Protein chains: 2
Amino acid sequence: MTYENLDAKLVNALLGDGRASLRSLAEELDVSVTTVSNHLSDLEEQGVIEGYTPRVDYDAVGYDVTAVIQLQVEGNALPDVTDTLRDHRQMTSVYEVTGDYDVIAIGKFEDTDGMNDQIKQLLTDPDIKASNTSVVLNAVSENEQFELEVEDEE
Amino acid sequence: MTYENLDAKLVNALLGDGRASLRSLAEELDVSVTTVSNHLSDLEEQGVIEGYTPRVDYDAVGYDVTAVIQLQVEGNALPDVTDTLRDHRQMTSVYEVTGDYDVIAIGKFEDTDGMNDQIKQLLTDPDIKASNTSVVLNAVSENEQFELEVEDEE
DNA sequence: CATCGAGATTTTCGTACGTCATCAGGTACA
DNA sequence: TGTACCTGATGACGTACGAAAATCTCGATG
């Protein structure tokens, strides 16, 4: 019964330290290094873990402004618009959504001028029928990845 | 010249592989292992790199629904509301924003029922004056971290 | 005033040592 | 049969430390 639980624990341990060694993970989870190695490979192959990244504080490197941009798009132009947004490197998330707007995108900019320039340029697309931009005043939490549930048994 | 450039290159290399060894990074950037180690420590101390995490595909572990929740909040209750949201483990991002709404939060849920339950419970808070939920139909890109600019000189 | 250079500081580097990841072969248990 | 474990062997890895190189500081000099 540990089999699937171990995977969840392994993911959670890595969420705590994504550069932890297999040995330290093995010790933490009280299994052998081999087992950690095997399960980790499986998780990567299954696509549960898609890769590893540092958490970069963009504020600390000069990207002081975050904005949430909502767009109403002409129906059949949706793929074009989302493609364009994704290719903007500063767009961190692009969602197609239900509701008043069709697309919600989140982007990071060096300052409000840079933000305005980029957004104005985006809105020249005639397929965009309406837009609404919210500037982030305070990121209470951002891109947090929560831990997976571990069913505990004795 | 290279000093700050090396830091940017180092961050970019880690964005490519967050578990890359110091040796492979050193080879890629054509500096010694020690230099990589020193600069990496500095970046961590300065807070540019806040830690390392695996990229978890929540879809693959049963969290099939992502929602963007927008709230209008009674002015002085804003901190309480954002605190509550942040403590909901499934809320990955919580922003205080300008515009029609005061708070934009992004959350992940196992299914629409679970989402509805949690959102309904949230909205019992009398400080929340209005709300608007958009369900994500398609995550074109999510929590992408873009590379830092490297000024090239000869 | 521009230049120089000795000394101090910072940055980078190579080496060395203990640890680590990986693989293979074999055991135990359900 | 499948999962987890141990052992041993090998090459890769992280870190500490002193040497070397590059950079900066600043007063003296022509």
Side-chain angles (χ1 to χ4, degrees), chain A residues 1-58 60-62 145 147-154, chain B residues 1-58 60-62 145 147-154:
Chain A
M1 277 304 170
T2 28
Y3 62 104
E4 192 167 332
N5 247 355
L6 179 62
D7 288 346
K9 287 184 189 169
L10 193 47
V11 169
N12 293 347
L14 282 167
L15 284 170
D17 177 8
R19 275 178 82 84
S21 71
L22 301 190
R23 282 181 140 73
S24 61
L25 293 169
E27 194 171 350
E28 184 176 344
L29 305 181
D30 202 31
V31 294
S32 74
V33 176
T34 319
T35 303
V36 170
S37 177
N38 290 338
H39 280 254
L40 197 49
S41 301
D42 290 348
L43 286 168
E44 289 168 0
E45 275 171 27
Q46 294 166 224
V48 174
I49 295 178
E50 301 175 310
Y52 304 87
T53 61
R55 286 182 60 87
V56 177
D57 181 354
Y58 284 96
V61 291
Q145 295 190 106
E147 300 201 345
L148 305 183
E149 289 183 83
V150 178
E151 312 121 30
D152 48 2
E153 82 283 351
E154 305 307 296
Chain B
M1 313 282 182
T2 29
Y3 62 102
E4 193 167 329
N5 247 354
L6 179 62
D7 288 346
K9 287 182 190 172
L10 194 46
V11 170
N12 292 346
L14 282 168
L15 284 171
D17 177 9
R19 273 177 86 82
S21 71
L22 301 189
R23 281 180 147 77
S24 62
L25 293 169
E27 193 172 350
E28 184 175 344
L29 305 181
D30 203 29
V31 295
S32 74
V33 176
T34 317
T35 302
V36 171
S37 176
N38 290 338
H39 280 255
L40 199 49
S41 302
D42 291 347
L43 286 169
E44 290 167 2
E45 274 171 26
Q46 294 166 223
V48 175
I49 294 178
E50 300 176 310
Y52 304 86
T53 59
R55 285 181 60 86
V56 177
D57 180 353
Y58 284 95
V61 291
Q145 295 192 104
E147 300 201 344
L148 304 181
E149 289 182 83
V150 178
E151 312 123 29
D152 48 0
E153 83 282 345
E154 304 306 295

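Below, read A as the first sequence line, B as the second, and so on, with proteins coming before strands; counting in each chain starts at 1. Everything numeric in this text was worked out from a predicted model, so none of it was measured.
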**Student:** Give the rounded distance in Å between these two atoms: CG of B/Leu6 and C1' of D/dA22.
**Tutor:** 15 Å
**Student:** Could you state the CG-C1' distance from B/Leu25 to D/dT15, rounded to the nearest angstrom?
**Tutor:**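 Going from B/Leu25 (CG) to D/dT15 (C1'), I get 15 Å.
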**Student:** How many angstroms lie between atom NE2 of B/His39 and atom OG1 of B/Thr34, to the nearest 0.5 angstrom?
**Tutor:**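 Answer for the NE2-OG1 pair, B/His39 versus B/Thr34, is 11.0 Å.
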**Student:** Mind checking what makes side chain to side chain donor-acceptor pair (under 3.5 Å) contact with B/Ser41, not counting sequence neighbours?
**Tutor:** none
**Student:** Measure across A/Leu25 and A/Ala13 and return the closest heavy-atom pair with its distance rounded to 0.1 Å.
**Tutor:**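 Where A/Leu25 meets A/Ala13 most closely, the heavy atoms are CD2-CB, 3.7 Å.
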**Student:** Grab the CD-P distance between B/Glu28 and D/dC13 for me, whole Å please.
**Tutor:**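 To the nearest whole Å, that distance equals 13 Å.
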**Student:** Where is the tightest heavy-atom contact between B/Gly47 and A/Ala60, given as atom of each residue plus distance?
**Tutor:**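 Reported closest heavy-atom pair: O-CB, 4.5 Å.
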**Student:** To the nearest 0.5 angstrom, please state how far the CD atom of A/Gln145 sits from the OG1 atom of B/Thr53.
**Tutor:**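 The CD atom of A/Gln145 sits 4.5 Å away from the OG1 atom of B/Thr53.
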**Student:** What string of B, S and - do you get for nucleotides 15-24 of chain C, 5' to 3', if B is base contact, S is sugar-phosphate-only contact and - is no contact with any protein heavy atom under 4.0 Å?
**Tutor:** -----SBB--
**Student:** Rounded to the nearest 0.5 Å, what separates atom OG1 in B/Thr35 from atom CG in B/Leu29?
**Tutor:** 10.0 Å
**Student:** Once you round to the nearest 0.5 Å, how far does CD of B/Glu149 lie from CG of B/Asn12?
**Tutor:** 10.0 Å
**Student:** Could you tell me how far apart B/Leu40 (CG) and D/dG14 (C1') are, to the nearest whole angstrom?
**Tutor:**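 Atom CG in B/Leu40 sits about 11 Å away from atom C1' in D/dG14.
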**Student:** Might you point out which heavy atoms bring B/Leu40 and B/Leu10 nearest each other, and give the distance in Å?
**Tutor:** N-CD2, 3.9 Å
**Student:** Please tell me if B/His39 has a side-chain N or O lying less than 4.0 Å from either OP1 or OP2 of C/dT12.
**Tutor:**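 Checking C/dT12 against B/His39, a side-chain N or O does come within under 4.0 Å of OP1 or OP2.
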**Student:** To the nearest Å, give me how far apart CG (A/Asp17) and P (D/dG14) are.
**Tutor:**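 Result: 13 Å.
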**Student:** Under 4.0 Å between a side-chain N or O of A/Ser32 and OP1 or OP2 of D/dC6?
**Tutor:**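 Answer no for this pair, as no side-chain N or O of A/Ser32 is under 4.0 Å from OP1 or OP2.
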**Student:** Please report how far the helix from C/dC1-D/dG30 to C/dA30-D/dT1 bends, comparing the axis fitted to its first five pairs with the axis fitted to its last five, to the nearest 10 degrees.
**Tutor:** 30°
**Student:** Separation of A/Leu29 atom CG from D/dC5 atom P, in whole Å?
**Tutor:** 11 Å
**Student:** Specify the separation, in whole Å, of atom CG of B/Asp42 and atom P of C/dT11.
**Tutor:** 8 Å
**Student:** Looking at B/Ser37 and B/Leu22, what are the two nearest heavy atoms and their distance?
**Tutor:**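 Heavy-atom minimum between the residues: CB-CD1, 3.9 Å.
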**Student:** Base, sugar-phosphate alone, or nothing: which one does B/Asn38 contact when heavy atoms must sit under 4.0 Å apart?
**Tutor:**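 Contact class for B/Asn38: base.
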